[in-house]
Amino acid sequence: MNNKEIIKFIRHTYKTKDFIPLHSPLFLGNEKKYVMETIDSTFVSSVGAYVDKAESMMMEINQTKKAVAVVNGTSGLQVALQLVGVKRNEEVITQALTFVATANAIHYTGAEPVFLDVDYDTMGLSPKAVQLFLENYAEKRENGTFNKKTGKRIAACMPMHTFGFPVHLDELIKVCDRWDIPIVEDAAESLGSYYKNKPTGSFGKMGVFSFNGNKVVTSGGGGMIVTNDLDLGQQAKHKTTTAKVPHPYEYVHDQIGYNFRMPNLNAALLCAQLEQLHGFIENKRELAKSYTYFFANQGIKFREELNNTKANYWLMCLELEDIKERNAFLKETNDNNVMTRPIWQLMYRLPMYQHCFRDQQKNAEFLEQRIVNIPSSVRL
Ligand SMILES: *Cc1c(COP(=O)(O)O)cnc(C)c1O
């Protein structure tokens, strides 16, 4: 494997001798105009037209009946889990191969993550691993599905669409339906990705996106909960806006809510970014195409979208031969100002999640040693 050739190709691709980041935002549209409008109008905070507009745009993009703008993706995941019924001392199935926010959001609800393996091809939660776990450990009772070993209710399943590659949703939904376990999709990385012509995030009872600065589009910081269940959608809005009962002047709150609303200032930036989402993704897909050609010639595995899916190619990745080759690649590229990064450490290696249940993790551990991200920004 010739790291020098790779660095040369990436530099040629981005047409620069300067530092090349993994993923940087681009502001090419109405960003300044919309943000200035909020300042001129003084509506920069929790009330304003851009919040409503961003929510409408997300309903359209994701083909859902409701979208609720929140302060970041992590808070969105927490509230979505709570709304599908996750409570203290229950369990939530997820993958260990993910960004830490997935596990943290579960912890914030008072529940425990159960880490199951990913599929080799999608790098996301494996329906087979979920099925095996449930067959071995679960028992259906009158008030839910319970883990026979721990006695805890298995309250939800949260798959994550790694780097924008959709998990095997049909199979996962089939297993979870059989056990009456609601799905909350961590779609933080997969805005604009499709599974069988339907947007990721719209399959589960709820789905959650992130607009952090490194995602496909950004609001500075922000997130969005989407759902086709209007009642759950209403509740999401209520819970994330201090649970205030509408009234012209009285302060009445009917439960403990959160101040998780997205400020209008951020929503303005988001609207301008969402207008460019399609173009950004087409641009990234072109880059993925040229990476595909180049790496095929080099005999290196570049990860492509699977049949029946369309990936947003948020972060593009290579699967290297082994950890030695990976380490050499990471060192040489970063030493040469081309940013690359290994995939995340598995959640059960982190001190706060070491005690959590996990299965075999054969694929997760294989991928952990071999997957690296390469520069994936939209090119001008
Ligand atoms: C980015 C991300 C989040 C959280 O998003 P924030 O907006 O940064 O809170 C959650 N899950 C995954 C997998 C992510 O990549």
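What you are looking at is a predicted structure, and each value in this text was computed from that prediction instead of being measured. Each ligand, and each atom within it, is numbered from 1 in the order the structure gives.
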Any chance the side chains of [X] and [Y] put a donor and an acceptor closer than 3.5 Å?
X	Y	result
Q273	Y34	no
K198	Q63	no
N312	S190	no
Y313	N283	no
E325	N327	no

Check each of V100, T74, T94 against atom 4 (C) of ligand 1 and report the one with the nearest heavy atom. T74
Considering L77, D186, N104, which one's heavy-atom position lies nearest to atom 11 (N) of ligand 1? D186
Give a yes or no answer on whether the side chain of S193 reaches the backbone of G164 with a donor-acceptor pair at less than 3.5 Å. yes
If the cut-off is 4.0 Å to any non-hydrogen atom of [X], which atoms of ligand 1 fall inside it?
X	value
A101	3 (C), 4 (C), 10 (C)
N72	7 (O), 9 (O)
G73	5 (O), 6 (P), 7 (O), 9 (O)
A188	2 (C), 3 (C), 10 (C), 11 (N), 12 (C), 14 (C)
G222	7 (O)
M160	13 (C)

Give a yes/no verdict on whether any heavy atom in A105 is under 4.0 Å from an atom of ligand 1. no
Quick one: do Y14 and L26 end up in the same hydrophobic cluster if we chain Ile, Leu, Val, Met, Phe, Trp and Tyr together by side-chain heavy atoms under 4.5 Å apart? yes
Just distances here: any N/O of [X] and N/O of ligand 1 closer than 3.5 Å?
X	result
F99	no
K215	yes
E189	yes

Among residues two or more places apart or on two chains, list those pairs meeting side chain to side chain donor-acceptor pair (under 3.5 Å) that have a residue in residues 36-46. E37-Y50
Does the separation of the ring centres of H355 and Y353 fall below 6.0 angstrom? no
Looking only at protein heavy atoms, which one is nearest to atom 5 (O) of ligand 1, and how far off is it? S210 OG, 3.1 Å
